[in-house]
Amino acid sequence: MPEVPEVEALREFLGGQLVGKEIVRVLPLTINALKTYDPPLSALEGATVTAVARRGKYLDIVAGDAGLHLAVHLARAGWLRWKDSFPADPPRPGKGPLALRVVLAGGDGFDLTEAGTTKRLAVHLVRDPAQVPGIARLGPDPLDESFDRAAFGRLLAGERRQIKGALRDQSLIAGIGNAYSDEILHAAKMSPFKPVKNLTEEEITVLYDAMISTLREAVERSRGVAAGRLKAEKKSGLRVHGRTGEACPVCGDTIQEVSFSDSSLQYCPTCQTGGKPLADRRLSRLLK
């Protein structure tokens, strides 16, 4: 799933491609993706894009004098594909991975696609981004300059969950998902199962520094990378996530995995759990 670094890179890319351009056609190609109906997507046709923002994992394309917001959440298997031109005949709705097509006056534009049979990609057209439930509940953005160590500490006060779950909670901190929570915890040398309430002030500082440095480094790696190559760039920069069985780049130990019903996490026993493997979430004890 695209997280803060990839969505931020898409925002920068789209800002350069869309701002100041007129939208001439918006084609919804699967009914499951569109979550709103008022205003209709046709309200974007003839509107000029004025800004492209990021809100957590959402892209927010702003267009027209009325300031309509096309909010896009790519979910796990969605992606944005830039096109310099499109075939004359529009695609047939419901066929293949295409979910939405946006065409500009110059003939270029983008497709939103989603692979697989589970469809979670979401498109909202609203007058205010707060009308999107997923945006309305977002916590602070970790890349915002105002999100300092003190703000992070206040967020964690009273938190009783394990660190991994807390980092992934979009209402606590916006934009961090499964992959970068693994990367942050590896950089911080902390077990994903450690309870937040057990963190010392020094450990909170270590976790904050690991979070900010991991995300900013990933943003820098992604900056300027073409949209079609961002997924590969993300994977190449990950140290532990998705690398079960490989050697930890820090200590050389074998990276381990804990599987859940719909996801998995990866970690280094030597770096993060005192050399103790985590068998699974049911059998493992909370490690300090």
Side-chain angles (χ1 to χ4, degrees), residues 1-29 33 41 44-45 47-64 67-86 97-115 120-126 129 132 134-135 138 141-145 174-177 179-180 183 212 214-238:
M1 178 183 291
E3 300 177 34
V4 164
E6 296 76 44
V7 181
E8 178 65 15
L10 284 174
R11 181 200 66 78
E12 291 186 359
F13 172 78
L14 288 177
Q17 298 290 334
L18 294 179
V19 173
K21 307 287 183 62
E22 180 187 351
I23 297 172
V24 296
R25 204 171 189 184
V26 183
L27 297 173
L29 298 167
L41 287 177
L44 287 172
E45 296 177 353
T48 297
V49 177
T50 58
V52 180
R54 178 185 60 79
R55 302 177 187 277
K57 299 179 188 178
Y58 285 83
L59 284 168
D60 179 9
I61 299 169
V62 188
L68 295 177
H69 295 258
L70 183 67
V72 176
H73 192 289
L74 294 169
R76 180 172 295 180
W79 199 244
L80 184 147
R81 303 181 185 279
W82 185 260
K83 302 286 186 180
D84 292 327
S85 62
F86 295 95
L98 281 176
L100 184 80
R101 173 166 291 175
V102 175
V103 183
L104 305 177
D108 52 353
F110 64 86
D111 285 338
L112 295 180
T113 64
E114 186 171 25
R120 295 178 179 172
L121 184 147
V123 177
H124 299 75
L125 182 62
V126 295
V132 180
I135 291 178
L138 287 176
D141 193 296
L143 295 183
D144 192 298
E145 291 184 0
I176 299 173
Y180 285 105
E183 296 299 299
I212 298 304
T214 297
L215 295 178
R216 286 181 176 169
E217 288 169 9
V219 168
E220 287 303 314
R221 287 196 307 270
S222 300
R223 182 162 282 138
V225 176
R229 292 177 47 227
L230 277 172
K231 285 188 177 182
E233 173 58 35
K234 174 182 180 179
K235 185 175 181 180
S236 68
L238 298 176

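Treat the numbers as computed from the prediction; the structure is a model and nothing was measured. Every heavy atom of this structure was used, including side-chain atoms; hydrogens, water molecules and symmetry mates were not. Position 1 is the first residue of the sequence, and the numbers go up from there.
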Taking the side chain as everything from C-beta on, heavy atoms only, tell me whether [X] gets closer than 4.5 Å to [Y].
X      : Y      : value
Leu238 : Tyr180 : yes
Ile61  : Leu44  : no
Glu233 : Ser236 : yes
Leu59  : Leu70  : no
Val72  : Phe110 : no
Leu41  : Leu100 : yes

- Message: Would Leu112 and Val123 count as a side-chain contact (heavy atoms from CB on, under 4.5 Å) here? Give the steps.
- Response: CA-CA 10 Å; Leu112 295 180; Val123 177; 3.8 Å; yes
- Apply ring pair (Phe, Tyr, Trp, His ring centres under 6.0 Å) to Phe13 and list each qualifying residue two or more places apart in sequence or on a separate chain.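 Ring pair (Phe, Tyr, Trp, His ring centres under 6.0 Å) check on Phe13 returns Trp82.
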- Message: Please enumerate all residues that pass ring pair (Phe, Tyr, Trp, His ring centres under 6.0 Å) together with His73, with sequence neighbours excluded.
- Response: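 Ring pair (Phe, Tyr, Trp, His ring centres under 6.0 Å) list for His73, sorted by chain: Tyr58.
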Please report the closest heavy-atom contact between [X] and [Y], naming both atoms and the distance.
X      : Y      : result
Ala75  : Pro2   : O-CD, 3.3 Å
Val4   : Pro142 : CG2-CG, 4.5 Å
Ser222 : Glu6   : OG-OE2, 4.5 Å
Val7   : Gly56  : CG1-O, 4.3 Å

- Message: Could you check whether any side-chain N or O of Glu3 sits under 3.5 Å from a backbone N or O of Gly177, counting only pairs where one atom can act as donor and the other as acceptor?
- Response: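 Flag set: sc Glu3 to bb Gly177 pair under 3.5 Å.
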- Item | With Asp60 via side chain to side chain donor-acceptor pair (under 3.5 Å) - residues at least two apart |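 For Asp60, the residues satisfying side chain to side chain donor-acceptor pair (under 3.5 Å) (neighbours in sequence not counted) are Arg55, His69.
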- Message: Which residues pass the side chain to side chain donor-acceptor pair (under 3.5 Å) test with Glu217, not counting sequence neighbours?
- Response: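 By the side chain to side chain donor-acceptor pair (under 3.5 Å) rule, Glu217 matches no residue at all.
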- Above 12 or not: heavy atoms from other molecules or residues under 6.0 Å from CZ of Arg120?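 Not buried by this count: 12 neighbours or fewer within 6.0 Å.
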- Message: As an exercise, state the distance from CG of Leu121 to CZ of Arg76, rounded to the nearest 0.5 Å.
- Response: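 Leu121 atom CG to Arg76 atom CZ measures 14.0 Å (nearest 0.5 Å).
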- Query: Roughly how far apart are Glu8 CD and Arg216 CZ, rounded to 0.5 Å?
  - Reply: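 Atom-to-atom, Glu8:CD and Arg216:CZ are 11.5 Å apart.
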- Query: With sequence neighbours left out, which residue pairs that include part of residues 101-114 fulfil the side chain to side chain donor-acceptor pair (under 3.5 Å) condition?
  - Reply: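 Listed by first then second residue: Arg81-Thr113, Arg101-Asp111.
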Can you give the donor-acceptor pairs under 3.5 Å from side chains of residues 18-26 to other protein atoms, not counting sequence neighbours?
residue : atom : partner : partner atom : Å
Lys21   : NZ   : Gln17   : O            : 3.1

